[in-house]
Enquirer: 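Got a structure for you, written out below as structure tokens; questions coming shortly.
Because the structure is predicted, anything quoted here is derived from the model rather than measured. Scope of the values below: all heavy atoms of this structure, side chains included, with no hydrogens, waters or symmetry mates.
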Amino acid sequence: MRIANIFGRYFLKTEHLHYGYWPGDLPVTLENLPKAQDLYAEFLRSNIPEGVSSILDIGCGTGHNAEVLLKSGYQVDCVSPSPYLSGIVREKLEGRGTLYECTFETIPAGKKYDCLLFSESFQYIDLDTVFARMPEFLNPGGSVIICDFFRIPGAGTSAMGGGHRLSRFREKLDASSFTLCREVDITENTAPNLQLVNEALQQVAVPIRDLVIDELSSRHRWIWLPGKWIGRLFWSRKLDKLDYKYFSGSRNAENFKAHKRYCLFVLKEKGNRIPESAAITPPAEPDGAAS
């Protein structure tokens, strides 16, 4: 994450670590990634139910979503288990909220919120634990927003790990004290991020790998040959897995759509429902988004 944040700040002028939201008229280019990430933050904000004033941003990354919500008038506290990212978040909060430097599992109980937000952090938390602890932090009638990708059965193998099984999530949800009030599938809007990843890997990482191999095999054979033999002897499976995952071209948008579902879920404790009039507002494009 530290490398990704440094790369983004220097080359793209962005501190976001989350996926971008790509509407159909926004060209999928690296230059437009910050715009797509702004649209993602706006998508989250537009789906916050009416009546919410306090939010706990769990797994807040660099604090960008929290900053957007603070500017929109919400009271926001953050949870960050990363010491490096916590330093960035602390600067952005500027004393406007509490930062819990811990995991969700170890947040001290006591303070309650109108909304719990999990933006690409839900996948890292055990499902039994998360459903058991969420009620501890919710005011009566409070909401939970989950925006993350989930695994689904797909043909072949996936080059991308991560995500709870969607079917298991639904099973745990059905057995919990929560009910599903809203579901929005944004797989088509987030899959283009993998197109950018694949382009970067094929146009940058693969050529660099090939140059290094060529240099070692032609000029430093006394290092290359023993190293290659030892690597294949002890780490053959790991090397093959890394090659498939990062260099085969399989880490792409189509593979993502075949094996993942990126969804936004809005939950409430059973007995509480979001009014039918609470319509979903599509994210507004920032100035110049279609350029």
Side-chain angles (χ1 to χ4, degrees), residues 16-19 21 37-80 89-90 92-100 102 104 107-125 129-148 169 173 176-186 189-190 262-284 286:
H16 314 336
L17 291 178
H18 55 73
Y19 279 42
Y21 181 101
Q37 290 174 319
D38 286 338
L39 287 173
Y40 177 91
E42 175 57 24
F43 173 75
L44 289 179
R45 190 204 61 76
S46 70
N47 278 279
I48 296 173
E50 294 178 6
V52 168
S53 61
S54 59
I55 299 173
L56 181 61
D57 186 358
I58 300 161
C60 61
T62 63
H64 174 73
N65 290 333
E67 192 173 32
V68 169
L69 295 173
L70 284 165
K71 290 179 179 178
S72 298
Y74 296 99
Q75 184 272 312
V76 185
D77 289 347
C78 295
V79 179
S80 172
V89 175
R90 196 177 297 108
K92 289 184 178 179
L93 289 179
E94 296 179 333
R96 293 175 290 175
T98 300
L99 172 61
Y100 298 99
C102 61
F104 173 76
I107 304 172
K111 192 171 181 179
K112 294 181 181 290
Y113 302 85
D114 298 329
C115 181
L116 307 182
L117 173 62
F118 298 85
S119 173
E120 294 183 5
S121 58
F122 192 81
Q123 62 182 284
Y124 300 109
I125 306 172
T129 301
V130 74
F131 279 113
R133 289 218 73 191
M134 287 192 299
E136 297 179 37
F137 306 103
L138 278 177
N139 286 323
S143 304
V144 176
I145 296 177
I146 300 165
C147 200
D148 210 332
F169 165 76
L173 173 61
S176 75
S177 62
F178 290 87
T179 186
L180 177 63
C181 297
R182 183 180 302 161
E183 177 176 344
V184 187
D185 188 330
I186 58 171
N189 302 104
T190 53
Y262 201 122
C263 298
L264 176 136
F265 297 105
V266 180
L267 314 180
K268 282 213 176 235
E269 290 194 84
K270 290 174 180 175
N272 296 294
R273 283 208 171 264
I274 296 173
E276 293 295 330
S277 59
I280 300 171
T281 305

Enquirer: Look at the side chain of S177 and the backbone N and O of E269, then say whether any donor-acceptor pair between them is shorter than 3.5 Å.
Expert: no
Enquirer: Can you tell me how far apart OH (Y74) and CG (D57) are? Round to the nearest 0.5 Å.
Expert: 13.0 Å
Enquirer: Ignoring hydrogens and angles, tell me if any N or O in the side chain of K111 forms a donor-acceptor pair with the backbone of F137 under 3.5 Å.
Expert: no
Enquirer: Between Y40 and T190, does any side-chain donor sit less than 3.5 Å from a side-chain acceptor?
Expert: no
Enquirer: Have a look at C115 and tell me which of I55, L69, V76, V266 forms a side-chain contact (heavy atoms from CB on, under 4.5 Å) with it.
Expert: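 Single side-chain contact (heavy atoms from CB on, under 4.5 Å) partner of C115 among I55, L69, V76, V266: I55.
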Enquirer: Give the intermediate values and the outcome of side-chain contact (heavy atoms from CB on, under 4.5 Å) for residues Q75 and S54.
Expert: CA-CA 5 Å; Q75 184 272 312; S54 59; 3.3 Å; yes
Enquirer: One pair to check against side-chain contact (heavy atoms from CB on, under 4.5 Å): L264 and I146. What are the steps and the verdict?
Expert: CA-CA 6 Å; L264 176 136; I146 300 165; over 6 Å; no
Enquirer: Report yes if the distance between the aromatic ring centroids of F104 and Y124 is under 6.0 Å, otherwise no.
Expert: no
Enquirer: Kindly indicate whether the side chain of L70, heavy atoms from C-beta on, has any atom under 4.5 Å from the side chain of L93.
Expert: yes
Enquirer: Hey, what do you get for CD1 (I48) to OG (S143), rounding to the nearest 0.5 Å?
Expert: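 These two atoms lie 9.5 Å from each other.
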Enquirer: Any chance you could measure C60, atom SG, to E120, atom CD, to the nearest 0.5 Å?
Expert: 13.0 Å
Enquirer: Kindly compute the distance separating CZ (R90) from OG (S80), expressed to the nearest 0.5 Å.
Expert: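 So the gap between those two atoms works out to 8.5 Å.
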Enquirer: Report the C-alpha distance between F178 and M134 in whole Å, list the side-chain angles of each, state the deciding distance to 0.1 Å, and finish with yes or no for side-chain contact (heavy atoms from CB on, under 4.5 Å).
Expert: CA-CA 10 Å; F178 290 87; M134 287 192 299; 3.7 Å; yes
Enquirer: Is it true that a side-chain atom of R133 and a backbone atom of V130 form a donor plus acceptor pair closer than 3.5 Å?
Expert: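 Between the backbone of V130 and the side chain of R133 there is no qualifying donor-acceptor contact (under 3.5 Å).
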Enquirer: Over all heavy atoms of both residues, which pair between K270 and S176 is shortest? Give the atoms and the distance, please.
Expert: NZ-O, 2.8 Å
Enquirer: Please give me the minimum heavy-atom distance between S119 and L44, naming the atom from each residue.
Expert: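 Closest pair (atom of S119, atom of L44, distance): OG-CD1, 3.7 Å.
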Enquirer: Could you give the distance from CG (L39) to CD1 (I186), rounded to the nearest 0.5 Å?
Expert: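 L39 atom CG to I186 atom CD1 measures 11.0 Å (nearest 0.5 Å).
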Enquirer: K112 side chain to G142 main-chain N or O, any donor-acceptor pair under 3.5 Å?
Expert: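 No, the answer is negative, given that no donor and acceptor are paired below the 3.5 Å cut-off.
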Enquirer: Would a distance-only check, ignoring hydrogens and angles, find a side-chain to backbone donor-acceptor pair under 3.5 Å from D77 to T98?
Expert: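 It does hold such a pair.
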Enquirer: For L267 and T179, what are the C-alpha separation, side-chain angles and deciding distance, and is it a side-chain contact (heavy atoms from CB on, under 4.5 Å)?
Expert: CA-CA 6 Å; L267 314 180; T179 186; over 6 Å; no
Enquirer: For Y100, enumerate each residue passing the ring pair (Phe, Tyr, Trp, His ring centres under 6.0 Å) test, keeping only those at least two apart in sequence or located in another chain.
Expert: none
Enquirer: F118 and side-chain contact (heavy atoms from CB on, under 4.5 Å): which partner among I145, D148, L56, I125?
Expert: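 Only one option passes, and that is I125.
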Enquirer: Answer with yes or no after comparing the ring centroid distance for Y21 and F43 against a 6.0 Å cut-off, counting only values under it.
Expert: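 Close enough - the centres of the two rings lie under 6.0 Å apart.
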Enquirer: Quick one, Q37 and H64 - any side-chain contact, counting heavy atoms below 4.5 Å?
Expert: no
Enquirer: Assign the ring pair F122 / F131 to parallel, tilted or perpendicular, where the plane angle (0 to 90°) is split at 30° and 60°.
Expert: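 The rings of F122 and F131 stand perpendicular, inter-plane angle above 60°.
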Enquirer: Under 3.5 Å, side chain of K92 to main-chain N/O of T62, donor-acceptor pair present?
Expert: yes
Enquirer: Distance from R96 atom CZ to E67 atom CD, nearest 0.5 Å?
Expert: 6.0 Å
Enquirer: Between Y262 and Y19, does the ring centre distance come in under 6.0 Å?
Expert: yes
Enquirer: N65 side chain to A41 main-chain N or O, any donor-acceptor pair under 3.5 Å?
Expert: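 It does not hold such a pair.
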